[in-house]
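To start, the structure itself, in structure tokens.
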Amino acid sequence: MSVRDRLAHAVSDVVAAIAVRDGVDLSVDPEAVHLERPARREHGDWSTNVAMVMAKDAGTNPRALAASLVEALAAAPPAHVTSVEIAGPGFINFRLDDGWLHDSLADLLAEGEVDYARPDVGHGERVQVEFISANPTGPIHVGNGWWGSYGDSLARVLARAGHRVSREYYVNDTGGQIRTLGASVLARHHGEEVPEGGYQGEYVTELAAVYDGPDDVTVAGRWAADRILDHIRATLASVGIVFDEWYSQASVEESGAVDETIDLLAEKGLVFEQDGATWFRASELGDSRDRVLRKSNGDATYLAGDLAYHRDKFLVRGFDRVIDVFGADHHGQVASLVAGVRALGVEPGRLEVKLGQMVSLVDGDEVVKMGKRAGNAISLDSLVADIGPDATRILSLMSSLDQATTFDLAAVREQSAENPVFYVQMASARIGGVGRKAAERGVVRAPLAGVDLSLLTHERELDLIRCLEELPEVVADAAVDRAPTKVTAWVRRLAGCFHGFYHDCPILAEDVDPGLAQARLWLVEGTRIGLAIGLGLLGVSAPEAM
RNA sequence: GCCCUCGUAGCUCAGCGGAUAGAGCACCGGCCUCCGGAGCCGGUGGCGCAGGUUCGAGUCCUGCCGGGGGCGCCA
């Protein structure tokens, strides 16, 4: 059991004892005990606010309750605890000896890269994360890559935190846009101008040059979409984004699921006919207006397909939870989708829609806005070619999804200091360097069992271990909050702690005690493990040399 | 007009309802007999406005101001 868990149980036990003594109804689940590392070191190593939270129920004031709890805790202090005090409005602060850090480092090393920081907050919940799902009518742009990084890293985080995750890309391979794409390709194929509202890009001309199918807009459109999709797949793979499923909208429509879904809604009295079209009474379920499901020409609308698709996710494939990641420019469809999913009998909480705010690129004087519909958006390919896959990934995971961001491409490209990937990867390279130097000097890391980690007493060493110790909680928080950027923040913090340690604590210098050198080598290994886990969640490589 | 979303340092961004709001860049000043100085250490500088909830609000609620997005028988 971790030190943190021991503290949580101790607090929980003491609360229960006080409740019995005072005859009040108090209880606190050890899982729910709010323990945190105080922002200020003088407030101790760990702190809890239970007294403030529970004072009202206990019929007393926070400091009085805290006093009772502290007395009981001090009478039988948990392992490593050297003092328990009340502070401020009723915080209970714990001070621990450094042994708790050495224990936690030993735990990390024993568990290793595979098992460390694998908090089970998901309890096996089956989660589908759907993201990007950009129309296969052209290359994907930077905004897609941005939100795609989020979706991919969120999936990685959820998987590490005990969820069974499936990543899905919904392929909009049907409908008017595919016919428009086909018409554009055919026009170019015949050496003509692309029709009004068609796709103008260079890629259309290139595809047209090799097209040898019939003069049918649907056939040509499908053909082109397949090619474009291959390209998209390759682009995403280049930044480490992979999917478990590429789900075809055409397959949904051709399976008859759309009709079944409309029938299902009709059975619930939520469908009506008007002006030759079939409508969904979305306004009765929170949407701002009713929506068309089937147009007067007989075609299903995008919404009808999307509802059939979500019905498939929840009711056919049986995901416990679905997280859809959309660009903010698609938020207009959220209310209809939520209304439809509710109408299909799915508890609203099982569908989460995360909206990615717009991302702006500045490159010198040029400002580029990115959005699904932005014709001038730069492609993800060109960005990756420009700054590299690792920088692309980490930059996109620096800011939260719901923060509209701007970043200066020129700065990232030209001033390496502006680029956090160097700072983090340099830590990785330095770790690699230590290994190479040790090998060069014939220094071998001794088995952990024979190494005294308690020799690690330098403030830099202890700070580094403190940081490593946070990782399981960071992963848990990132999963619960759907916020992979928390991992980014942690990785940068870890790199900072490592650089500080590296600067002040020589490992292989002549005058370093061999026992201390061994402990430091293990600390370096622990850092390597932590970095590997963190960067792995971000989809960023951890190079051994730069 | 209605709906969504955002507003934190000069700039780009972090900040599960907790104690004296953090980084990076920029600017100023220190550190290379030493395992990678793409590094380390120090300094300057901030929660759009007004109410409310709370023991406690950058964080939750309401209004206002400002930016972005959306309100199709397009996808």
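Note on naming: letters A, B, ... go to the chains in the order of the sequence lines (proteins, then strands), and numbering restarts at 1 for each one.
Look at the P atom in both C27(B) and C64(B): the space between them is 42 Å, to the nearest Å. Taking atom C1' in both U53(B) and C73(B), one finds a spacing of 46 Å when rounded to whole Å. On the P atoms, A21(B) is 14 Å away from U44(B), given to the nearest whole Å. Between C3(B) and G18(B), the distance separating the two C1' atoms is 34 Å to the nearest Å. Across U54(B) and C60(B), the matching C1' atoms stand 10 Å from one another, rounded to whole Å. Rounded to the nearest Å, the gap between the P atom of C13(B) and that of C6(B) is 14 Å.
One finds a side-chain N or O of Arg460(A) lying less than 4.0 angstrom from the OP1 or OP2 phosphate oxygen of C41(B). Distances shorter than 4.0 Å separate some side-chain N or O of Lys295(A) from OP1 or OP2 on A75(B).
Using a 4.5 Å heavy-atom threshold, the side chains of Tyr302(A) and Asn172(A) count as touching.
Side-chain atoms of Ala509(A) lie closest to C34(B) of the nucleotides A38(B), G36(B), C34(B). Side-chain proximity of Asn172(A) to C40(B), A75(B), C71(B): nearest is A75(B).
For the side-chain contact (heavy atoms from CB on, under 4.5 Å) with Pro420(A), the lone residue among Ile394(A), Val491(A), Leu397(A) that qualifies is Ile394(A).
The residue Arg63(A) sits apart from the nucleic acid: no heavy atom pair falls under 4.0 Å.
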